[in-house]
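Just so you know, residue 1 is the first one in the sequence shown, and it goes up from there.
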Amino acid sequence: MPQEEYVVKIVSQYNVEPLAKEDMDRLLEVAKDYCAVKNEVFDRYSGIRSLGKLYPGYTVQNEMTQSGFRQRLDMPAVYFYLAIFDALGEIKSEWTRLKKQIRHNLNRNESFCAEDKHYLRFVLKSDSLLEAVLNGREEEFAGDFFKSYEALREKVDAKKLNSYLCRQVRRNHRTLRSREADGFAAAERAYRYADHGIYISTKKKRSRVFVPLTDNNCYKRQIYVKLHPQECDLEIRIPVDVKVNRHEDYTNEVGIALGMETMLTTDQGHVYGRQLGEKQTVYTEWIRQQNQAHRQNPDKGRKKYALRKNRYTEVIHSYINQELNLFLTREKPKTIYMTKLPAPSRHGGSKAVNGAVSMWQRGFIRDRLRQKCAEHAVQLVEVLGKDISRTCSRCGKEGKKRAGQFTCDSCGFCADEKKNTAANARKRGQDGQRLNESWPAQKDAE
């Protein structure tokens, strides 16, 4: 009998009514200390000298325990150690981002030969090697991996290449800082479900804040409590295991193109999310009016603004989820091909266009699509997006775009611009021009 597969999904719980100010203040005390611990870890361990201590992280935990920082804050251990590992996770993510940026810069650098690039990539693979290079230490390493390093070092100008790595780290390394004390993680020992709500531990011993909840679901997981002090509300985020649903009739390969006016267009011309542009336009215009009114009267409170903004966002997100579910049900894809979305940038034209671009829910659409594909064992493939909207999906020549239509002068092909882009995405994916692939939780047995 095949083993069941699961993926992680974040679900949320909310309070029934606003919390009493005293209760919110007690939770904010925990959040403030949680933020302070994270910043202490950032200050101590986000630099190059601490790179070797990040994995698995118990060295950092022990040193933070011995520092007496928890006693000075008088902070419960159940929150203190979660804050440490939360900060360590962000530091690791920053180093991952930094290495990716250095590799990107290295690939574009034409002054290095193949052996130089091979040496630099080799150093970036090992944290111990990278730490030694960044700190200017000459060490003798053991093992076959490091013997290969010694052999590589003899073939290149290691001093020059090491200096390049140091410059790249200084230039691209970002200082981490937790500036908003508006939330904290809580282990199972820090909360208890009962009485149609949840009891959350505070800094005071044997004293918990009771929060009535909108549902009666109970979980035994590490949770994250997100605080909204102005509204005296909170959101509890819980990671849960969701069973993967494999569909035997999901056999199609589908190319898609995302857009601002219509959310998603397939290579067959099927459109999902036709009302997305209209909903976002209403939302963007309302935001513009509210910001203008706030500039004229900055002393006026923003509580009603925050509540209505959340409602607008929830409506848009609900619509996106609904249309993505409809897309999967109707198209029955086994594999989805889509272009890798470029980094967001300002249009440089009107403020209205810039506002619309900034409000586009592209990140939410992409994340929800990835989550739903994982839950239904659908492979999501990102393909190379360069010139994909200007290339004819029939003959491969360059065409023209005008008023949402694509035309090719070479072969006479004419189609909706998004449909042509989606067809190109499918074609590039099938031809092997893939950048990222998210596979189902478990591949089918061969």
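Ion pair Glu5/Arg246 flagged as a salt bridge, since at least one NZ, NE, NH1 or NH2 atom sits closer than 4.0 Å to an Asp/Glu carboxylate oxygen. Between Glu40 and Lys38 there is no salt bridge, since no side-chain N of the basic residue sits under 4.0 Å from a carboxylate O of the acidic one. Look at Glu253 and Lys334 and you find no salt bridge, because none of the NZ, NE, NH1 or NH2 atoms lies under 4.0 Å from a carboxylate O. Checked for salt-bridge contact, Lys99 and Asp127 meet the test: a charged N lies under 4.0 Å from a carboxylate O. Taking the charged nitrogens against the carboxylate oxygens, Arg370 and Glu382 do have a contact shorter than 4.0 Å, which makes a salt bridge.
Side chain of Gln361 to main chain of Arg366: no donor-acceptor pair is present (N/O by atom type, distance under 3.5 Å, no hydrogens or angles). Of the possible polar contacts, one joining the His173 side chain to the Ser46 backbone as a donor-acceptor pair under 3.5 Å is found. Under the 3.5 Å distance criterion, the side-chain polar atoms of Gln379 are left unmatched by any main-chain donor or acceptor of Thr335. Of the possible donor and acceptor atoms, none in the side chain of Tyr119 sits under 3.5 Å from a partner among the backbone N and O of Arg153. Looking only at distances, a side-chain donor or acceptor of Lys203 sits under 3.5 Å from a matching main-chain atom of Leu73. Without hydrogens or angle criteria, Asn135 side chain to Glu131 main chain gives a donor-acceptor distance under 3.5 Å. A donor-acceptor contact shorter than 3.5 Å links the side chain of Asn424 to the backbone of Ile388. Side chain of Ser50 to backbone of Arg44: a donor-acceptor contact under 3.5 angstrom is found. When atom types are taken as modelled, the side chain of Asn109 and the backbone of Ser111 share a donor-acceptor pair closer than 3.5 angstrom. A side-chain donor-acceptor contact under 3.5 Å links Arg72 to the backbone of Ser67.
Ring pair Tyr312/Trp286 is tilted by interplanar angle, where 30° to 60° counts as tilted. Using bins of under 30°, 30° to 60° and over 60° for the plane-to-plane angle, the ring pair Tyr250/His247 lands in the parallel bin.
Residues Pro239 and Gln222 have side chains not in contact (no heavy-atom distance under 4.5 Å, counting atoms from C-beta outward). Contact annotation: the side chain of His104 never approaches that of Lys100 to less than 4.5 Å [non-hydrogen atoms, C-beta and beyond]. Side-chain contact between Met263 and Ile365 is present, with heavy atoms from C-beta onward closer than 4.5 Å. Residues Tyr283 and Ile316 form a side-chain contact, since some pair of their non-hydrogen atoms from C-beta on lies under 4.5 Å apart. Using a 4.5 Å cut-off on side-chain heavy atoms (C-beta onward), Asp25 and Glu22 make no contact. Counting heavy atoms from C-beta on, the side chains of Asn15 and Leu19 come closer than 4.5 Å. For the pair Leu227/Phe184, a side-chain contact is recorded, criterion being any heavy-atom separation below 4.5 Å from C-beta on. Side-chain contact between Pro333 and Ile336: present, with at least one pair of heavy atoms (C-beta onward) separated by less than 4.5 Å.
Scanning for side chain to side chain donor-acceptor pair (under 3.5 Å) contacts around Tyr193 gives Gln13, with sequence neighbours left out. Applying the side chain to side chain donor-acceptor pair (under 3.5 Å) rule to Thr175 yields no partners; only residues at least two apart in sequence or on another chain are considered. Checked against side-chain contact (heavy atoms from CB on, under 4.5 Å), Asn39 has the following partners two or more places apart in sequence or in another chain: Cys35, Phe42, Arg177, Ser178. Under the ring pair (Phe, Tyr, Trp, His ring centres under 6.0 Å) criterion, Phe69 pairs with no residue, sequence neighbours left out. With sequence neighbours left out, the ring pair (Phe, Tyr, Trp, His ring centres under 6.0 Å) criterion links Phe364 to His317.
Contacts classified as ring-ring contact (aromatic ring centres under 6.0 Å, His included) and involving residues 204-244 (residues at least two apart or in different chains) are given here: Tyr199-Phe210.
The minimum heavy-atom distance between Ala181 and Lys32, with the atom names listed, is CB-CA, 3.6 Å. Taking both residues in full, the closest heavy atoms of Leu369 and Leu324 are given as N-CD1, 3.9 Å, listed atom of the first, atom of the second, then distance. Leu28 approaches Pro229 most closely through the heavy-atom pair CD2-CG, 3.8 Å. Taking each heavy atom of Leu380 and Cys373 in turn, the nearest pair found is CB-SG, 4.2 Å. Shown here for Trp95 and Gly47, the closest heavy-atom pair between the two residues is CZ2-O, 4.1 Å. Looking at every heavy atom in both residues, Val37 comes nearest to Met75 through CG2-SD, 3.6 Å.
Atom CG of residue Leu264 and atom CD of residue Glu331 lie 8.5 Å apart, to the nearest 0.5 angstrom. Between the OG atom of Ser201 and the CZ atom of Arg208 there is a distance of 3.5 Å, given to the nearest 0.5 Å. A distance of 11.0 Å separates CG of Asp195 from CG of Leu213, quoted to the nearest 0.5 Å. The distance from the CZ atom of Arg167 to the CZ atom of Arg170 is 7.5 Å, given to the nearest 0.5 Å. Distance check, rounded to the nearest 0.5 Å: CD1 of Ile200 to OH of Tyr191 gives 10.0 Å.
The environment of Lys204 atom NZ is sparse: at most 12 non-hydrogen atoms of other residues, nucleotides or ligands sit within 6.0 angstrom. The number of heavy atoms from other shown groups lying within 6.0 Å of CD (Gln71) is above 12. Around CZ of Arg97, the count of heavy atoms belonging to other residues, nucleotides or ligands within 6.0 Å exceeds 12. Enclosure of atom CZ in Arg49 is not indicated, since only 12 or fewer non-hydrogen atoms of other residues, nucleotides or ligands lie within 6.0 angstrom. Applying the 6.0 Å contact sphere to NZ of Lys9 captures no more than 12 heavy atoms from other residues, nucleotides or ligands.
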Original post:
How far apart are the C-alpha atoms of His270 and Phe327, what are their side-chain angles, what is the distance that settles it, and do they pass the side-chain contact (heavy atoms from CB on, under 4.5 Å) test?
Top reply: CA-CA 9 Å; His270 303 158; Phe327 160 70; over 6 Å; no

Original post:
Please walk me through it: do Glu375 and Val244 pass side-chain contact (heavy atoms from CB on, under 4.5 Å)?
Top reply: CA-CA 5 Å; Glu375 292 176 11; Val244 175; over 6 Å; no

Original post:
Can you check side-chain hydrogen bond (donor to acceptor under 3.5 Å, both in side chains) on Thr262 and Lys418, steps first, answer last?
Top reply: CA-CA 9 Å; Thr262 56; Lys418 293 297 181 183; over 6 Å; no

Original post:
Can you check side-chain contact (heavy atoms from CB on, under 4.5 Å) on Val8 and Asp241, steps first, answer last?
Top reply: CA-CA 5 Å; Val8 175; Asp241 292 331; 3.9 Å; yes

Original post:
Could you go step by step and tell me if Asp267 and Val254 meet the side-chain contact (heavy atoms from CB on, under 4.5 Å) rule?
Top reply: CA-CA 7 Å; Asp267 58 291; Val254 182; 3.7 Å; yes

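Between Gln101 and Asn105, the side chains place a donor N or O and an acceptor N or O closer than 3.5 Å (distance only, hydrogens not considered). A donor atom on one side chain and an acceptor atom on the other are found under 3.5 Å apart for Arg26 and Ser207.
The cationic atom of Lys53 (NZ for Lys, CZ for Arg) does not lie both less than 6.0 Å from the six-membered ring centre of Tyr45 and within 45° of the ring axis.
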